Colleague: 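Encoded as structure tokens, here's the structure I'll be asking about.
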Number of protein chains: 2
Amino acid sequence: MTKPEKLKPTDSEMEILNILWDKGTATVRDIHEVLEKQKPSGYTTTLKLMQIMFEKGMLTREAQGKMHVYSAVIKREKAREQVVQKMIDTMFSGSASQLVMQALGNHTSSPKELEEIKAYLDKLSNKK
Amino acid sequence: MTKPEKLKPTDSEMEILNILWDKGTATVRDIHEVLEKQKPSGYTTTLKLMQIMFEKGMLTREAQGKMHVYSAVIKREKAREQVVQKMIDTMFSGSASQLVMQALGNHTSSPKELEEIKAYLDKLSNKK
DNA sequence: TTTGTACTACGAATTAATTCGTAGCAAACA
DNA sequence: TGTTTGCTACGAATTAATTCGTAGTACAAA
């Protein structure tokens, strides 16, 4: 068990974490039912993944009857922070604003979202 | 050789790509010299990595004497776009503005950068 | 009580990334 | 003419992720 801080979830692990963050807690079956809608996979595959994530310290679990109820150790906010920071470092030479402009340029944002961002920027500037 | 579009570089591959994007073209030795400053590693490790990246279609190369001169197939901009899009999808439920605010909240940006972003936002809004 | 169901645990196969040693080859050099 | 130098190619070991089959167990249902 290492620090959850240093853990770098794989893509499969991220899928599980996302579901857990949405639900708060979940059993292997809960998770598996969601995953199955996205792509076919065996129950024991999900089970094994979650067992390994538990061993790695990414998940905690609690026996409930014969089942285990899992939850994520790392919070969604923290994971986002880490992953964004890493992307800034490795892909944008450490420049957050480069990343921001890249994300905005990807035209995925509506005018309303752009307004939100502008408001957020103003808040940041004023605080300084 | 699959489409370079679909390729997902590993961390080691990203290190090599970053150097190649900076230099434009480079030999294995060039790359290895840069990498070695960051962490110890054997020359043939770098060689093998670049050979595999070549086989995957991530790099092209050209014989020059007995050496190969490599360059990246995918452009930095394209790679950034892909990786940002993927992050938005997997970590931010598809919301670019969520990612933007996360990146800004990470306090890594100077007031000057914030101004740049604001200017960029205005340009976007007016264009719409 | 026997059978079925729904779990967990475990081990094994597969695939991919990473690392590096060794071999071969050609040009430069002593 | 050897011999060293610096490259590529190749194969093998290691490690990690992924997938799934099988076995064990406990509780519920027949």
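Please read all numbers here as calculations on a predicted model, not as lab measurements. The chains referred to below are lettered A, B, ... by the order of the sequence lines, with proteins before strands, and numbering in each begins at 1.
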Colleague: Taking side-chain contact (heavy atoms from CB on, under 4.5 Å) as the test, write out the residues that go with B/Ser110, two or more places apart.
Modeller: B/Lys112, B/Glu113
Colleague: Do A/Thr27 and A/Asp30 have side-chain atoms, one donor and one acceptor, less than 3.5 Å apart?
Modeller: yes
Colleague: Run the side-chain contact (heavy atoms from CB on, under 4.5 Å) test against A/Gln98 and tell me which residues pass, sequence neighbours left out.
Modeller: A/Phe92, A/Ser95, B/Arg80
Colleague: Using a heavy-atom cut-off of 4.0 Å to chain B, what are the terminal contacting nucleotides of DNA chain C, in 5' to 3' order?
Modeller: C/dA17 to C/dT22
Colleague: Which residues satisfy the salt bridge (charged side-chain N to carboxylate O under 4.0 Å, His left out) test with B/Arg29, sequence neighbours excluded?
Modeller: none
Colleague: Give the minimum heavy-atom separation between A/Met87 and B/Val83, together with the two atoms involved.
Modeller: CE-CG1, 3.7 Å
Colleague: Are more than 12 heavy atoms, taken from residues, nucleotides or ligands other than B/Lys118, located less than 6.0 Å from that residue's NZ atom?
Modeller: yes
Colleague: Among residues at least two apart in sequence or on other chains, which ones pass salt bridge (charged side-chain N to carboxylate O under 4.0 Å, His left out) with A/Glu36?
Modeller: none
Colleague: Can you name the residues that form a ring pair (Phe, Tyr, Trp, His ring centres under 6.0 Å) with B/Tyr43, not counting sequence neighbours?
Modeller: B/His32
Colleague: B/Ala79: what forms a side-chain contact (heavy atoms from CB on, under 4.5 Å) with it, not counting sequence neighbours?
Modeller: A/Met91, B/Trp21, B/Ile74
Colleague: For B/Thr45, which contact category applies under a 4.0 Å heavy-atom criterion: base, sugar-phosphate, or nothing?
Modeller: base
Colleague: Tell me which residues in residues 19-36 of chain B put a heavy atom below 4.0 Å from DNA chain C, sorted by number, or none.
Modeller: none
Colleague: Determine all donor-acceptor pairs shorter than 3.5 Å in which one atom belongs to a side chain in residues 63-73 of chain A; sequence neighbours excluded.
Modeller:
| unit_1 | atom_1 | unit_2 | atom_2 | d |
| --- | --- | --- | --- | --- |
| A/Tyr70 | OH | A/Arg61 | NH1 | 3.1 |
| A/Ser71 | OG | A/Thr60 | OG1 | 3.1 |

Colleague: Excluding sequence neighbours, so at least two apart, what forms salt bridge (charged side-chain N to carboxylate O under 4.0 Å, His left out) with B/Asp89?
Modeller: none
Colleague: Axis-to-axis angle across the helix from C/dT1-D/dA30 to C/dA30-D/dT1, five pairs an end, to 10 degrees?
Modeller: 20°
Colleague: Counting only heavy atoms from other residues, nucleotides and ligands, does the tally under 6.0 Å from CD of A/Gln38 exceed 12?
Modeller: yes
Colleague: Checking all strands, does A/Thr10 fall into the base, sugar-phosphate, or nothing category for heavy-atom contacts under 4.0 angstrom?
Modeller: sugar-phosphate
Colleague: Is B/Arg61 close enough to D/dC7 that one of its side-chain N or O atoms is under 4.0 Å from OP1 or OP2 there?
Modeller: no
Colleague: Can you give one letter per nucleotide of nucleotides 22-30 of chain D, 5' to 3': B if a protein heavy atom sits under 4.0 Å from the base, S if only from the sugar-phosphate, - if neither?
Modeller: B--------
Colleague: Quick one: on DNA chain D, does B/His68 or A/Gly42 contact a more 5' nucleotide (nearest heavy atom)?
Modeller: B/His68
Colleague: Testing the basics here: between B/Leu17 and B/Met53, what is the closest heavy-atom pair and its distance to 0.1 Å?
Modeller: CG-CE, 3.9 Å
Colleague: Would you classify B/Glu13 as touching base, sugar-phosphate or nothing, given that sugar-phosphate means primed atoms plus P, OP1 and OP2, and contacts are heavy atoms under 4.0 Å?
Modeller: nothing
